[in-house]
Amino acid sequence: MTAEKKTVSIYVMGKQSEVPYGVTIMKAMEYAGYRFIRGCGCRGGFCGACGTVYRKPGNFRLKVGLACATMVEDGMHLTQIPFYPANKAVYNLEALEPTLGTLLKYYPEITRCLGCNQCTRICPQELPVMNYIATAQRGDIEATAHQSFDCIMCGLCASRCPAEIVQYNVGILARRLYGRHIAPRAKHLAERVDEIRAGKFDAELDRLMQMSKEELQKLYNARDIEQ
Amino acid sequence: MSIPYFPGCTLHVKAKDLDDSTRAALAALGLELTELPEWTCCGAVFPLAQDNYMGMVAAARILANAAKLGDGRLVTVCSFCYHVLKRVNFAFRNRTEARNKLNEYLEEHYNGEVTLLHPLELIRDDVGFDVLQDRVYRRLKGLKVACYYGCTLSRPAEEMGFGEPENPTIMEELVAALGAEPVGFSWKTKCCGSYQVLNNAALAADRAQAVLEAASRQGAHVIITSCPLCRYNLERLPVGAAGKGESEARLPVLYFTQLLGIALQLPATTLGLDSHYLDALKEARA
Amino acid sequence: MYTPEMLRLIEVVEQTREKRLQETFPRLTAEEKTNLLRSYHPDYMEGAMRPLKIGPNAGEKLPHAYVDLFESRSMIDADGLSLDDIAYDVDVLVIGGGGAGTAAALLAAEEGADVLLVTKLRHGDANTMMAEGGIQAADKENDSPALHYLDAMGGGGFYNIPELVRALVNDAPLCIQWLESLGCMFSKYPDGTMNTIHGGGTSRKRMHFAHDYTGAEIMRTLRDEARNRGIKVVEFSPAVELIKDERGQCAGAVLYNLETEQFLVARAKTVIIATGGSGRLHINDSPTTNHYGATADGLVIAYRAGAKLIYLDATQFHPTGVAFPEQIVGQLVTEKVRGLGAQLVNIDGEQFIYPLETRDAVSSAIIRECRERQKGIPVPSGYGVWLDSPMIEIIHGKGTIEKELPAMFRQYIRFGINMAEQPILVYPTLHYQNGGILINEFAETQVPNLYVAGEASGGVHGRNRLMGNSLLDIIVFGRRAGKNAAQKAKTVQLGKLTLEHVRRYNEELAKQGLGQRVAPILLPDYRGKISG
């Protein structure tokens with residue numbers, strides 16, 4: 001990689017800084033002297049803490065991305081969105097039915113979708129956000145659950161939605177409804193839980209716990225490995 | 001050959017029977033429908049303001065997505081969806097400013113290339129009512145049918161192009177081809193009360209009552225429609241919300257695709273038909 | 001984007017791929033493994049540790065970064081801070097908003113306790129969120145908790161505390177069922193059977209997963225449930241000192257509001273530390289897979305309160321951290337990539353280790369391959385070895401990577417590398433704190449009314465944790481801690497609050513000429529650097 005001393009100019013909340021070329025916004029901001037309290041989390045694209053709004057020079061469009069996964073560019077103006085006061089419905093999952101009625105009860109605003117597709121365009125995970133709201137609108141909870149699965153709940157979709165839909169919270173409601181009420185339960189798991197409760201493995205575990213390191217090691221080295 | 005199809009949200013939830021019967025009846029006629037891989041709500045209501053482009057974007061994207069499939073056609077059956085999509089498509093074809101503005105919101109350019117078709121049009125043009133007549137297994141002889149279009153299918157005439165705006169006849173042509181008797185019916189393009197059912201149920205009930213009575217006066221045994229909301233208002237209100245008890249004018253209300261399916265002797269289950277409808281129809285003709 | 005030189009080397013990997021698909025590299029014997037670890041594992045590196053001079057573990061050798069922390073003075077003035085002004089008064093105080101803390105808070109609330117969860121960053125900002133690969137549980141017919149026990153013990157070098165391992169393997173299926181009932185979308189077959197695969201050191205395929213967002217799926221589900229249950233959460237307010245009462249019971253914590261910079265007193269009948277690990281201490285100057293907040297805060301405050309540490313000298317290096325591209329060096333490449341069949345390959349396109357040995361062994365083998373045998377691939381930060389990811393597509397069919405490893409795939413695509421078609425470059429990276437605060441199977445420490453759960457605790461994994469046992473650990477011991485702390489709180493009578501233990505610790509530091517630094521550090525400091 002050409003990691004020569006090449007730098008670019010970025011504007012963090014209006015303030016200019018020279019930072020190395022080819023690094024992420026997050027590392028560039030730290031290089032420029034920021035020590036994050038908000039706006040930084042896993043640093044690897046999983047947690048959604050570092051949503052950033054930016055604009056490139058000579059372009060009116062506002063873009064968004066994760067600071068930990070977006071490279072700096074020369075002349076970039078940026079700011080972070082450390083918090084977004086979005087609505088989250090409170091519900092008792094167990095008592096819910098996996099129906100359109102449930103989605104509409106908690107998030108009636110999904111019917112306000114205008115189809116502008118801003119949410120899909122800006123999603124840093126490149127999820128079909130508008131589409132999973134469309135499937136939610138027609139009660140296809142399974143489709144919404146699967147299409148929203150990779151959501152990191154950064155909230156950037158909600159920040160751009162003209163219909164004020166909180167897409168990522170609709171997504172998790174759909175996923176939990178699917179996981180709890182639609183996906184078939186694992187039979188082998190329920191059986192194993194019953195066996196454990198009945199104490200089926202206690203004697204064997206007792207025996208292993210009493211073993212010396214050498215005895216255990218022997219057993220360990222001789223254990224067969226599932227292909 | 002499979003034709004791109006936009007079911008619309010209601011057909012996935014409350015009006016599953018319209019979706020099922022449309023697919024089944026058209027398939028029986030050799031017209032296979034393929035649902036668009038991705039689709040959203042059409043917007044449901046065509047915006048009243050000419051320059052409210054935001055309200056047309058969803059429909060625009062549906063049409064643009066259909067265009068990508070290359071067939072050149074898109075079929076939709078719900079009267080509201082048909083209305084919105086048809087008018088947005090008209091705007092693309094005929095209004096430069098609308099076309100330009102809407103294209104700014106779309107991911108790919110669209111110019112109105114797709115032809116939107118109602119199943120009635122598709123059957124007329126691709127099968128032919130005369131051919132259909134020969135393929136009907138169970139001629140619905142003696143059945144008097146009131147064809148109810150409601151207000152969204154045929155108006156505004158210039159944009160919808162669905163025949164005479166106050167007196168469209170395509171549904172009657174279908175009914176005749178099935179061997180049944182279409183009855184003349186002055187309320188056939190009047191409004192059923194539509195979304196008023198949400199905030200003025202009594203008003204909607206009165207409208208629905210009037211539609212039913214008008215059909216009844218002409219001796220209709222059954223009313224057919226292509227609109228889930230019309231059906232809802234006609235079917236539910238006279239008994240329930242209007243508070244008038246079992247109306248004398250109460251008639252079975254079917255989707256035209258269900259009647260078509262019956263004539264093609266498709267199993268009631270594939271048409272989403274309760275058996276009591278079939279009984280009611282039998283009785284009516286007795 | 002790979003350099004032209006790297007692209008040329010990839011051709012070598014491609015040339016041997018067909019042959020390697022037929023080839024199983026022999027597993028290490030027990031003796032080979034011991035020798036490999038002794039010679040190449042960073043734990044055994046000369047000069048990496050020094051003896052700790054203070055506290056319950058005084059005299060033990062630990063990596064410098066830990067010793068620095070334990071030999072630091074408190075952030076607060078133990079004499080000046082008033083404990084009469086109580087901001088929060090609850091039954092159970094949970095410190096840490098990751099998977100262990102949230103599980104603990106849910107169970108404590110279920111027991112009827114008044115719970116407060118405090119966390120340094122946002123609720124859910126934790127290593128749990130980043131755990132990709134999976135969670136172990138012996139719930140298939142050919143498997144048993146006893147086999148799981150044996151695997152965990154062997155993986156940990158038989159140093160694990162038997163009671164803790166038993167709790168781990170016994171509760172595992174119960175925990176998976178709990179998560180399933182909360183709506184976690186585990187990958188399943190159409191009939192509901194869990195899709196499970198191998199992890200390094202497992203004898204049965206018991207790795208449950210949710211694509212490669214397993215930890216994220218668990219974390220966001222638990223957090224959503226905590227919000228539904230109305231559990232009180234205070235964010236951006238780490239605990240910087242524990243509070244005791246005059247009888248020596250743990251009685252709460254001093255919180256520090258990171259934004260207003262105020263100290264706040266939280267009084268509680270029982271306290272659960274679930275502050276996670278310590279990757280951001282960058283032991284051995286290593287890059288890390290860890291979350292921004294992984295700075296061992298809980299260890300520091302528990303140690304000052306008299307809790308004992310165990311196996312903190314055993315650090316887990318994940319064998320496959322990103323070695324290239326430079327922008328994401330050190331980030332995790334989940335073990336699931338090897339679980340699905342990708343092999344580790346040197347510059348000549350040869351395998352040099354069975355891919356699913358335990359993590360300590362694979363890491364050591366990679367270091368040996370690069371340092372001693374000089375068969376690594378040069379990258380800007382040093383060297384790496386190939387992880388031949390395209391093999392997955394050959395073994396399981398085209399599209400498998402994008403479907404099963406969407407997070408990984410996305411991470412590389414951002415930098416112009418398609419891991420479904422090109423192998424990726426990896427090198428060991430600081431991943432997990434194997435040891436921590438000593439607990440028993442009830443998640444109790446030696447300090448009365450102080451509980452610990454998750455990565456902050458030590459003993460359950462011995463000296464090396466197996467893949468899939470940490471997500472399990474946080475749920476098993478999070479639940480145990482929450483339940484036990486809530487039950488205990490019902491009988492606790494608190495006396496007068498005191499920071500006497502902090503004062504005494506500071507005195508002891510002064511006596512030994514220590515305490516120049518301040519801890520916990522709360523956040524790493526990368527200002528003016530390109531790091532982390």
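Just so we're on the same page: letters track the sequence lines, and every chain starts at 1.
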Checklist line | Test: Lys213(A) cationic atom under 6.0 Å from Tyr159(C) six-membered ring centre, within 45° of axis | finding: yes

Note to self: If I measure from the heavy atoms of chain A, does Asp125(C) come under 4.5 Å with its side chain, its backbone, both, or neither?
What the structure shows: side chain

Next item on the list: Please list, chain by chain and in numerical order, all residues satisfying salt bridge (Lys or Arg N to Asp or Glu O under 4.0 Å) with Asp143(C), sequence neighbours excluded.
Entry: Arg206(C)

Note to self: Which atoms of Asp171(C) are under 4.5 Å from chain A, going by heavy atoms: the side chain, the backbone, both sets, or neither?
What the structure shows: neither

Next item on the list: Pick whichever of Asn221(A), Ile172(A), Leu219(A), Leu189(A) has the most heavy-atom pairs under 4.5 Å with chain C.
Entry: Leu189(A)

Check: Is it the case that Arg220(C) places NZ or CZ above or below the six-membered ring of Phe149(A), under 6.0 angstrom from the centre and within 45 degrees of the axis?
Finding: yes

Next item on the list: Could you tell me which portion of Arg410(C) (side chain, backbone, both or neither) has an atom closer than 4.5 angstrom to a non-hydrogen atom of chain A?
Entry: side chain

Margin query: Heavy-atom pairs under 4.5 Å with chain C - which of Gly44(A), Gly45(A), Ala89(A) has more of them than the others?
Written below: Gly44(A)

Notebook entry, point to check: Of all of Arg175(A), Met153(A), Glu204(A), which one pairs up most often with chain C through heavy atoms under 4.5 Å apart?
Noted result: Arg175(A)

Check: Got more than 12 heavy atoms from elsewhere within 6.0 Å of CD, Glu31(C)?
Finding: no

Item checked: Toward chain A, the part of Arg414(C) with a non-hydrogen atom under 4.5 Å -> side chain

Next item on the list: Would you please indicate if the ring centroids of Tyr213(C) and Phe46(A) are separated by under 6.0 Å?
Entry: yes

Notebook entry, point to check: Of the backbone (N, CA, C, O) and the side chain (C-beta and beyond), which part of Arg229(C) lies under 4.5 Å from a heavy atom of chain A, both, or neither?
Noted result: neither

Next item on the list: Scan residues 171-206 of chain A for pairs that pass ring-ring contact (aromatic ring centres under 6.0 Å, His included), counting only residues two or more places apart or in two chains.
Entry: His146(A)-Tyr178(A)

Notebook entry, point to check: At a heavy-atom separation under 4.5 Å, does Phe83(A) approach chain C through its side chain, its backbone, both, or neither?
Noted result: neither

Next item on the list: Answer with side chain, backbone, both or neither: which region of Lys188(C) has an atom nearer than 4.5 Å to a non-hydrogen atom of chain A?
Entry: side chain

Item checked: Side chain / backbone / both / neither for Glu191(A) at chain C, heavy atoms under 4.5 Å -> neither

Checklist line | Contacting moiety of Met26(A), where chain C heavy atoms sit under 4.5 Å | finding: neither

Next item on the list: Under 4.5 Å heavy-atom distance to chain C, tell me which part of Asn92(A) shows up: side chain, backbone, both or neither.
Entry: neither

Notebook entry, point to check: For Asp202(A), is it the side chain, the backbone, both or neither that has a heavy atom under 4.5 Å from a heavy atom of chain C?
Noted result: both

Check: So which part of Ala190(A) gets closer than 4.5 Å to some heavy atom of chain C, the side chain, the backbone, both or neither?
Finding: both

Notebook entry, point to check: For Glu94(A), is it the side chain, the backbone, both, or neither that has a heavy atom closer than 4.5 Å to a heavy atom of chain C?
Noted result: neither

Notebook entry, point to check: So, Tyr106(A) and Asn87(A): side-chain donor and acceptor under 3.5 Å apart, yes or no?
Noted result: no

